[in-house]
Amino acid sequence: MGMLEIGCSLVPLIGFISVGLGSAVLYLLRLALYSPDVSWDRKNNPEPWNKLSPTDQYKFLAISTDYKNLKKDRPSF
């Protein structure tokens with residue numbers, strides 16, 4: 001085996017690792033920016049989870065829940 005054959009066989013491995021790392025970084029950015037559990041601005045919005053309406057979908061994938069038909073069943077603070 002020459003160096004060219006070894007280098008060509010590593011291309012798919014490097015490609016799959018790059019796609020996996022890129023997906024993980026994008027998912028972490030989504031969690032950090034759009035999750036109601038994370039508060040970046042404590043002065044203006046100290047509790048962002050209280051401002052969610054029942055129709056807001058904050059989960060990445062909701063299979064059995066239709067968020068458009070939910071009613072508010074908790075008090076407003």
Chemist: List, by chain and number, the other hydrophobic cluster members for Val25, where Ile, Leu, Val, Met, Phe, Trp and Tyr join if side-chain heavy atoms come within less than 4.5 Å, directly or indirectly.
Modeler: Leu29
Chemist: List, by chain and then residue number, the residues other than Phe16 in its hydrophobic cluster (Ile/Leu/Val/Met/Phe/Trp/Tyr, side-chain heavy atoms under 4.5 Å); write none if there are no others.
Modeler: none
Chemist: For Ile14, give me all partners under side-chain contact (heavy atoms from CB on, under 4.5 Å), at least two apart in sequence or on another chain.
Modeler: Leu10, Ser18
Chemist: Return the set of residues passing side-chain contact (heavy atoms from CB on, under 4.5 Å) with Ile17 (not counting sequence neighbours), or none when no residue passes.
Modeler: Leu13, Leu21
